[in-house]
Number of protein chains: 2
Amino acid sequence: MSRTKARAALLQELEEAMRRSSAQGVLYGQTVANVAGIANSDLECMDILYLEGRVTAGRLAEVTGLTTGAITGVVDRLEKAGLVRRERDDADRRKVFIAVVPEAIERLGQFYVPMQQAMERVFGGYSDQELRLLLHFANEGYKGVLAATAALKGLLDTPPEKRPDLKLKKLRRQP
Amino acid sequence: MSRTKARAALLQELEEAMRRSSAQGVLYGQTVANVAGIANSDLECMDILYLEGRVTAGRLAEVTGLTTGAITGVVDRLEKAGLVRRERDDADRRKVFIAVVPEAIERLGQFYVPMQQAMERVFGGYSDQELRLLLHFANEGYKGVLAATAALKGLLDTPPEKRPDLKLKKLRRQP
DNA sequence: ATATATATCTTAGTCACTAAGATATTTAGC
DNA sequence: GCTAAATATCTTAGTGACTAAGATATATAT
């Protein structure tokens, strides 16, 4: 087998392995939502809040791709569950910041213990240098996926007659 | 900074980077569903079918965590869209295999082009040896997440009084 | 043969979502 | 300052995917 062919095969194998593990990751998130008794989108918003900190309702809509109306419902449920608090911005009183209630981290964190333990076990098999390579890859991968998402969203802004269409259901443009 | 402290910090950074890129990966999938005009679960089932090949309706329910009734709806929609075909098993006529229509791969594949290009760019920055490390990690990570998912599901089978409960909504046991 | 188990489908009801518009507040133009 | 346009969130009505429970059809076991 030629040198380039070997690499091409490696790349393909890598792509499938990434796809498989990523799909399983999605499933883990769904299982968390199911076990925690919380809707999938609600959990996704909690995740965004955990990563980005205190954000506005509009920002949640932007990141999740949901309408602002849907976010109102999400925040209503999360607030009722005591996981977040609405905090009106005094500087701009139209804005509503959503802040995670401190205990919420613990209450949800327990569901990620199996995942953390699994990852500790996996990471344990690598040297510091190898972990740095994985970290570099994770960061580069994040940037790549971010760019790919933006590129894909761009398709929605291209004229429909020039866009490939599956005719599965009516297309929706991002607000 | 001590040697072990450096590793602990590295591990934490790695965990967050993985979490972030994984969250963005979820978002890419949602964007695909949105752009393709297909429900999220329907796309997830297409992904499973792509990875596992021809599987039964029951297997789809098992993997996705949806009820068999919901899968009936998923397959109805996918079949109407011309993406899959129902094929009754002659050996056991209760079973219905779901098979992907060959063209469906192309029809959906186009939405993954931005992602593939992004990944090619990222992978391009690594040597064959480094890619083999990434492949190894992806495979180990998959096994880890699989185990973590199973462990988490196990929580549903523990008696409710011994289980941490968020009291967010009524819990549902997997069928 | 009968009972039990398995695999999918059907039905009724629930809940999260979108689209459109209402409300409240800020910013820009005159 | 006053009015118009822009922005941020919420409200309402309607839609569609989901669950739970049970129906149907086929297979397996006693």
Side-chain angles (χ1 to χ4, degrees), chain A residues 27 29-31 33-46 54-81 84-99 156 168-175, chain B residues 30-31 33-46 54-81 84-99 156 168-175:
Chain A
L27 220 63
Q30 289 179 357
T31 307
N34 186 19
V35 174
I38 186 177
N40 229 305
S41 301
D42 297 11
L43 185 62
E44 190 186 349
C45 285
M46 286 302 296
R54 189 164 159 278
V55 300
T56 65
R59 171 75 183 153
L60 283 182
E62 190 184 322
V63 176
T64 58
L66 297 179
T67 61
T68 59
I71 293 298
T72 299
V74 168
V75 177
D76 282 352
R77 289 189 296 274
L78 291 178
E79 196 170 39
K80 200 156 89 179
V84 306
R85 254 200 322 266
R86 276 183 168 91
E87 296 176 355
R88 281 219 108 84
D89 186 2
D90 283 329
D92 182 345
R93 298 190 47 73
R94 292 168 304 178
K95 288 185 186 170
V96 171
F97 279 99
I98 317 300
L156 276 180
L168 297 186
K169 67 177 188 184
K170 217 188 304 180
L171 291 181
R172 224 175 331 102
R173 198 169 302 256
Q174 292 287 70
Chain B
Q30 289 179 359
T31 307
N34 187 18
V35 174
I38 185 178
N40 229 304
S41 300
D42 296 10
L43 185 62
E44 189 187 350
C45 284
M46 286 303 294
R54 188 165 160 277
V55 300
T56 65
R59 171 74 183 155
L60 283 182
E62 191 183 322
V63 175
T64 58
L66 297 178
T67 60
T68 58
I71 292 298
T72 299
V74 168
V75 176
D76 283 350
R77 289 189 296 273
L78 291 178
E79 196 170 39
K80 199 156 89 180
V84 305
R85 253 198 324 266
R86 277 183 166 89
E87 297 176 354
R88 282 218 107 85
D89 186 3
D90 283 328
D92 182 345
R93 299 190 49 74
R94 293 169 304 177
K95 288 187 186 168
V96 171
F97 278 98
I98 316 301
L156 276 180
L168 298 187
K169 68 176 187 184
K170 217 188 303 180
L171 293 180
R172 224 172 334 99
R173 197 169 300 259
Q174 292 287 72

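Both backbone and side-chain heavy atoms feed into the values below; hydrogens, waters and symmetry mates do not. No experiment lies behind these values; they were computed from the predicted model shown. Sequence lines set the chain letters: A, B, ... in the order given, protein chains first and strands last, and positions in each chain run from 1.
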Contacts of Asp92(A) and Asp42(A) projected onto DNA chain C by closest heavy atom; the upstream (5') one is Asp42(A)
By nearest-nucleotide position on DNA chain C, the 5'-leaning member of Arg93(A) and Ile71(B) is Ile71(B)
Side chains of Glu62(A) and Ile71(A): closer than 4.5 Å at any heavy-atom pair? no
From CD of Glu62(A) across to C1' of dT7(D) the rounded distance in Å is 13 Å
With the side chain defined as heavy atoms from C-beta on, Arg86(B) is closest, among dT26(D), dC9(C), dT25(C), to dC9(C)
Exercise for the section: Flag the pair Ile38(B) / Leu78(B) as yes when at least one side-chain heavy-atom distance between them is below 4.5 Å, and no otherwise. Expected result: yes
Problem - Residue-phosphate contact under 4.0 Å: Thr67(A) side-chain N/O, dA19(C) OP1/OP2 - result: no
Heavy atoms only, 4.0 Å cut-off, all strands: where does Gly73(B) land among base, sugar-phosphate and nothing? nothing
So what does Ala70(B) touch, heavy atoms closer than 4.0 Å: a base, only the sugar-phosphate, or nothing? base
Counting N and O atoms only, with roles assigned by atom type, does the side chain of Arg85(B) sit under 3.5 Å from a partner on the main chain of Ala99(B), one being a donor and the other an acceptor?
no
The nucleotide from dT11(D), dC9(C), dC17(C) with an atom nearest the side chain of Val74(A) is dC17(C)
*At under 4.0 Å, does any side-chain N or O of Arg88(A) touch on OP1 or OP2 of dC10(D)?*
no
Is the shortest side-chain N/O distance from Arg77(A) to OP1 or OP2 of dA16(C) below 4.0 Å?
yes
Tightest non-hydrogen contact, residues Thr56(A) and Ile98(A), listed as C-CG1, 4.4 Å
Taking dA17(D), dA25(D), dA24(C) as options, the one with an atom nearest any side-chain atom of Arg94(B) is dA25(D)
Between CZ of Arg59(A) and P of dT9(D) the distance, given in whole Å, is 12 Å
Lys95(A) atom NZ is separated from dT7(D) atom P, nearest whole Å, by 12 Å
Among dC9(C), dT9(D), dT19(D), the one nearest any side-chain atom of Leu66(B) is dT19(D)
- Query: Are Ser41(A) and dC17(C) close enough that a side-chain N or O sits under 4.0 Å from OP1 or OP2?
  - Reply: yes
Check: Is Met46(B) close to Val84(B) at the side-chain level, that is, under 4.5 Å between some pair of heavy atoms?
Finding: yes
